[in-house]
Amino acid sequence: MNAHQLKGKDLLKIGYAPGKAVGTALALMETAFKEISKEEQLILLSKVLCSPSKYQEDELWAPLAEALLPPKQEVVTPLLPGAKDYVIYGAEGIEAGALKQMDVAMRLSVTVGGALMPDAHQGYGLPIGGVLATQNAVIPYAVGVDIGCRMSMSLYAIPPDILTTQPAQLKKLLLDNTRFGTATFKNPQDHAIMERNEFADIAVAKGLKDRAFRQLGSSGGGNHFVEFGTVELHDPENEFSLPTGNYLAVLSHSGSRGLGASIAGHYTKVAMESCRLPQEARHLAWLDLNTEAGQEYWLAMNLAGDYASTCHHQIHQRLAAALGERPLAVVENHHNFAWKEKDAAGNEVIVHRKGATPAGQGVLGIIPGSMATPGFIVRGKGEANSLNSASHGAGRVMSRTKAKQTLSLPQVQQYLLDAGVEVIGSGLDEAPMAYKDIRQVMQSQQDLVEVVGTFTPKLVRMCGDEKYMEKD
DNA sequence: ATGTGC
């Protein structure tokens with residue numbers, strides 16, 4: 001327009017390289033800095049040229065900064081042409097989508113082994129019920145969104161007929177001492193977990209600490225539950241040194257609440273930015289354990305796991321106090337986690353279990369059925385083909401959506417009545433009919449675990465609509 | 001799974 005108009009040539013003089021940045025800079029000056037002098041414009045532009053990374057987050061300057069910075073590495077790490085071998089337990093009951101996802105996971109360059117449990121179904125990245133061993137890499141989505149999600153069971157010396165003689169009292173205990181959905185305890189019980197260094201040392205965890213404290217001891221939603229039932233101990237050689245017979249039991253299933261979910265979300269994003277994979281594998285992006293991000297995730301994952309465990313301990317402590325008893329025995333296990341373990345050759349591998357129960361030789365775990373079917377205290381057999389794992393439940397036979405569409409409330413209520421189970425909260429999507437037959441699932445994993453005791457649920461609490469419940 | 005949403 002006039003002699004004072006900034007030209008591309010002026011930019012080349014101050015060191016701009018011919019290319020996209022020049023055009024971006026000129027357009028920016030034209031739209032946002034029209035009124036200042038050419039000299040002033042050049043001063044601004046040379047500042048951005050000197051340190052573009054400083055302007056990456058700036059709303060106005062970001063496009064220019066991006067154009068000046070070296071192009072992001074978009075190198076895609078290819079998948080192996082064929083999937084490594086893995087054993088599928090209960091293959092006849094596993095949906096195609098889960099198998100397909102497992103096949104993709106078995107083609108990652110970092111994968112050294114895997115197995116699919118009989119309750120497997122499609123998830124994000126690795127299927128639920130998938131076990132994956134990698135070399136020096138951790139995959140946030142192979143751990144799962146609910147990091148450290150776990151089972152915990154307490155056995156009591158109380159005669160289990162209390163379930164039929166005092167159902168109202170037990171129901172009150174559950175309502176008073178557990179919190180579901182968005183409800184939390186008005187005065188959360190403080191715990192040493194909140195003093196962990198990770199909350200101070202890891203930037204992401206720091207921002208999650210306050211909410212984590214508010215949610216301490218709560219159960220969340222989805223398939224999480226706290227329930228009373230009966231355990232029949234079958235094995236006279238049980239690890240609890242208890243006589244065989246029937247015991248009152250409390251069983252809880254929940255995870256790391258918003259803490260783990262946010263950690264999972266954050267590090268998955270970090271992984272997907274640094275580890276580009278073909279479209280069908282993108283959610284399996286990993287973090288190298290030798291990198292800062294990898295080590296940070298490992299620490300954050302362990303924090304979330306310990307937090308999940310603390311929540312269970314508080315749930316069980318509250319109920320124990322309300323019952324006025326101390327438990328005779330406690331069994332507990334994570335099923336969404338990654339561990340450093342040794343493979344058959346003695347090499348250290350990272351074993352991801354996403355909805356799979358650790359089942360090393362002699363390791364105790366809990367595999368529940370559904371709200372109205374039996375669950376099992378199991379002892380691992382240490383089967384190498386399953387990577388020392390077993391299922392974490394019965395697995396769905398119906399998606400949540402399908403369950404809500406096809407099941408009716410009276411139908412589910414009748415089923416529960418017949419089973420002698422009372423349920424507080426929950427929705428049709430958690431109905432027993434939405435789950436596989438747990439007996440069949442247990443049959444498929446006879447090589448993986450042996451049954452120590454059988455749990456029969458009686459009074460179940462799950463997430464309903466208890467936003468109104470805030471009392472302590 | 002999730003302050004159930006960029």
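Chain A is the first sequence line, chain B the second, and so forth, proteins listed ahead of strands; every chain is numbered from 1.
Spacing between atom CD of Glu430(A) and atom P of dA1(B) amounts to 7 Å, rounded to whole angstrom units. Nucleotide dT4(B) holds its C1' atom 17 Å from the CZ atom of Phe180(A), rounded to whole Å. Here the P atom of nucleotide dA1(B) and the CZ atom of Arg396(A) are 8 Å apart, to the nearest Å. The CD1-P distance, from Ile263(A) to dA1(B), rounds to 18 Å in whole Å. Protein atom NE2 of His283(A) is 15 Å distant from nucleotide atom C1' of dA1(B), rounded to whole Å. Rounded to an integer number of Å, the gap from Gln122(A) CD to dA1(B) P is 16 Å. Distance Gln215(A) CD to dT4(B) P: 11 Å, rounded to the nearest Å. Atom pair Ile147(A):CD1 and dT2(B):P shows a separation of 12 Å (rounding to whole Å applied).
Counting non-hydrogen atoms under 4.0 angstrom, Gly220(A) reaches the backbone sugars and phosphates but no base. When heavy atoms are screened at a 4.0 angstrom cut-off, Gly221(A) is found touching the sugar-phosphate backbone but no base atom. Arg211(A) comes within contact range of at least one nucleobase, with a heavy-atom separation under 4.0 Å. Gly258(A) comes within 4.0 angstrom of the backbone, heavy atoms only, and of no base. Within the 4.0 angstrom heavy-atom criterion, no nucleotide atom of any strand lies near Arg214(A).
Under 4.0 Å is where a charged nitrogen must lie from a carboxylate oxygen, and between Glu95(A) and Lys100(A) no such pair does. No salt bridge links Lys381(A) with Glu383(A); every basic N to acidic carboxylate O contact stays at or beyond 4.0 Å.
Between Ile147(A) and Tyr267(A) the shortest side-chain heavy-atom distance does not fall below 4.5 Å.
The side chain of Asn336(A) contributes no N or O atom lying less than 4.0 Å from OP1 or OP2 of dA1(B). One finds no side-chain N or O of Arg257(A) lying less than 4.0 angstrom from the OP1 or OP2 phosphate oxygen of dA1(B). Put simply, Arg400(A) has a side-chain N or O that comes within less than 4.0 Å of OP1 or OP2 on dA1(B).
In this structure, Arg461(A) is not positioned above the aromatic face of Phe225(A) in the sense of NZ or CZ being under 6.0 Å from the six-membered ring centre and within 45° of the axis.
The aromatic rings of Trp339(A) and His334(A) are tilted relative to each other, their planes meeting at an angle between 30° and 60°.
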